[in-house]
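Report on one structure; see the data block that follows.
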Protein chains: 2
Amino acid sequence: MAYRETEKMRQRKAEARNKIIESTWECVAEGGFRSARVTRIAGLAGVATGTLYRHFESREDLFAEIFRLATQREVDKVAEALSVPGSAVERLDSALRKFAQRALKGPMKAWALIAEPVDPKVEEERLVYRKAYASLFEQAIRDGIAEGCLPEQNPRLSSTCLVGAISESLVGPLSPTQTAAAPGTDNHQDELVNAIVCFCIRGLTDSRS
Amino acid sequence: MAYRETEKMRQRKAEARNKIIESTWECVAEGGFRSARVTRIAGLAGVATGTLYRHFESREDLFAEIFRLATQREVDKVAEALSVPGSAVERLDSALRKFAQRALKGPMKAWALIAEPVDPKVEEERLVYRKAYASLFEQAIRDGIAEGCLPEQNPRLSSTCLVGAISESLVGPLSPTQTAAAPGTDNHQDELVNAIVCFCIRGLTDSRS
DNA sequence: GCAAGTAGTGAATCATTATTCATTCTTTGT
DNA sequence: ACAAAGAATGAATAATGATTCACTACTTGC
């Protein structure tokens, strides 16, 4: 007997894997998924194209993984914003704000996650991601109804509407052409975020009904 | 001198063009843009693949054209719903309802128009289409503010939120896998439409502020 | 029916990249 | 140092479908 996988090797492989993930993310942040070429990714990671396939089943799988990771970060941030003390409405307000602000800070990444046309496997991940957001919001809405600070409503539907409203409002500002043309001032962005959050909160809270 | 294009020929060509448009739409209604093959489209239209290229610059251009046409119909319907007499809120309510109902009646078509990942040229058309909706809603919101039945707000942003909320709520129910699994009863759909419209109208009308 | 021009054809081509795999290079335990 | 096993390589391949284009079949006006 001879070669047996050792800790050192395991680490080295993990490192390579991370490098690949990193360079993929770099490519995506540059021009989205569609324009990220495996050759470029491998090149950036300092490995041969073939090596990439020792770590990931396929380009699509690699992308799905990247998507999952990036997404997890975002969802965690929103979850965090929702888990501070305060009324449900306050918590929702801060979570929506967080979502929008983060998106505007990394427009290309946000566009890739929210709106870029992607391959089926990645699209699947996107649905998961949107559901994750919706679930978070949904729970907060339920809390709000229980607390009495939100009127009776279908929490699932309302949360989906939140995700849609905020995503759509950001697509314009995020889309690559738009971004290139008009970077947008901080002030402008704050205003945008305010208006979006305003609409969303109103959508949930109407004091009639 | 000899051959000169005549009315008869012009008509015949127009007919062929229409046939191509029709069969493209048929393919799209079946499985979206991505899976629509030019060979199949040509076959259905009863022409050779090459002929298709005498009528359209490229597959993408053909798709963009189809998209534009389909979109125009939808936008017109919503415009119609907005142009009846009544308060702005009533008119918006009926327009949102129309939008949702039409989408649920032709799920695959709606999915292709609203959410399917598409090529750049088509995506461009999609932005135009969304803007068209947003503009319609925007005007109605302005009217509402003037009438006093809606509070002060950023009409452009609010209208974008409307489009987003309604699109997103429909994506789940529309996506091909979902549709195949659960056709959804008429009753269920009515409920869905109600909840969406409810959220949207609340988003616009909150009686505080 | 003929000449001049246009429309239609569809098999062959092309372009694009992801993926493979025969080969070379490393690691490991003895 | 050696044999056994795995890891890395990257040029060659493969697959996919849109697009082309040399050719045939029409139309037209005389």
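In this text the structure is predicted, and so the values were computed from the model without any measurement. Residue numbering restarts at 1 for every chain, and letters A, B, ... go by the order of the sequence lines.
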Distance in angstrom units between B/I20 CD1 and D/dT19 P, rounded: 14 Å

Selected nucleotide, minimal atom distance to B/V38 side chain, candidates D/dT28, D/dT19, C/dT27: D/dT19

Rounded distance (Å) that lies between atom C1' of C/dA18 and atom CG of A/D61: 13 Å

Whole angstrom value for the distance that separates P of D/dT28 from CD of B/E5: 10 Å

Distance in angstrom units between B/E57 CD and D/dT20 C1', rounded: 13 Å

Protein-nucleotide distance (A/Y53, atom OH; C/dA18, atom P), rounded to Å: 6 Å

Candidate list B/I141, B/D143, B/L136, test side-chain contact (heavy atoms from CB on, under 4.5 Å), partner B/Q139, passing option: B/D143

B/T6 side chain, from C-beta outward: closest of D/dA8, D/dT28, D/dT20: D/dT28

Heavy-atom donor-acceptor pair, A/R59 side-chain to C/dA18 base, under 3.5 Å: no

Whether over 12 other heavy atoms sit under 6.0 Å from B/E7 CD: yes

Length of the line joining A/R17:CZ and D/dA7:C1', which is rounded to integer Å: 16 Å

Upstream residue (5' side of DNA chain D) when B/T49 and B/K8 are each assigned their closest nucleotide: B/T49

Rounded distance (Å) that lies between atom P of D/dG17 and atom CZ of B/F63: 12 Å

Spacing between B/R54 atom CZ and D/dT24 atom C1', to the nearest angstrom: 12 Å

B/E116/B/R34 salt bridge by N-O under 4.0 Å criterion: no

Touch class at under 4.0 angstrom, heavy-atom based, for B/S58 against every strand present: sugar-phosphate

Closest-nucleotide ordering on DNA chain D, the 5'-leading residue of A/G50 and B/R37: A/G50

B/T51 side-chain proximity, nearest of C/dT9, D/dA7, C/dA7: C/dT9

Any donor-acceptor N/O pair under 3.5 Å between D/dG29 base and B/R4 side chain: no

A/Y133 and A/F99 aromatic ring geometry - parallel, tilted or perpendicular at 30°/60° bounds: tilted

Selection from D/dA18, D/dT9, D/dT28 that lies nearest to any side-chain heavy atom of A/V47: D/dT9

Candidate pair B/E138 and B/K131, rule salt bridge (Lys or Arg N to Asp or Glu O under 4.0 Å), full reasoning: CA-CA 10 Å; B/E138 188 184 343; B/K131 275 215 187 98; over 6 Å; no

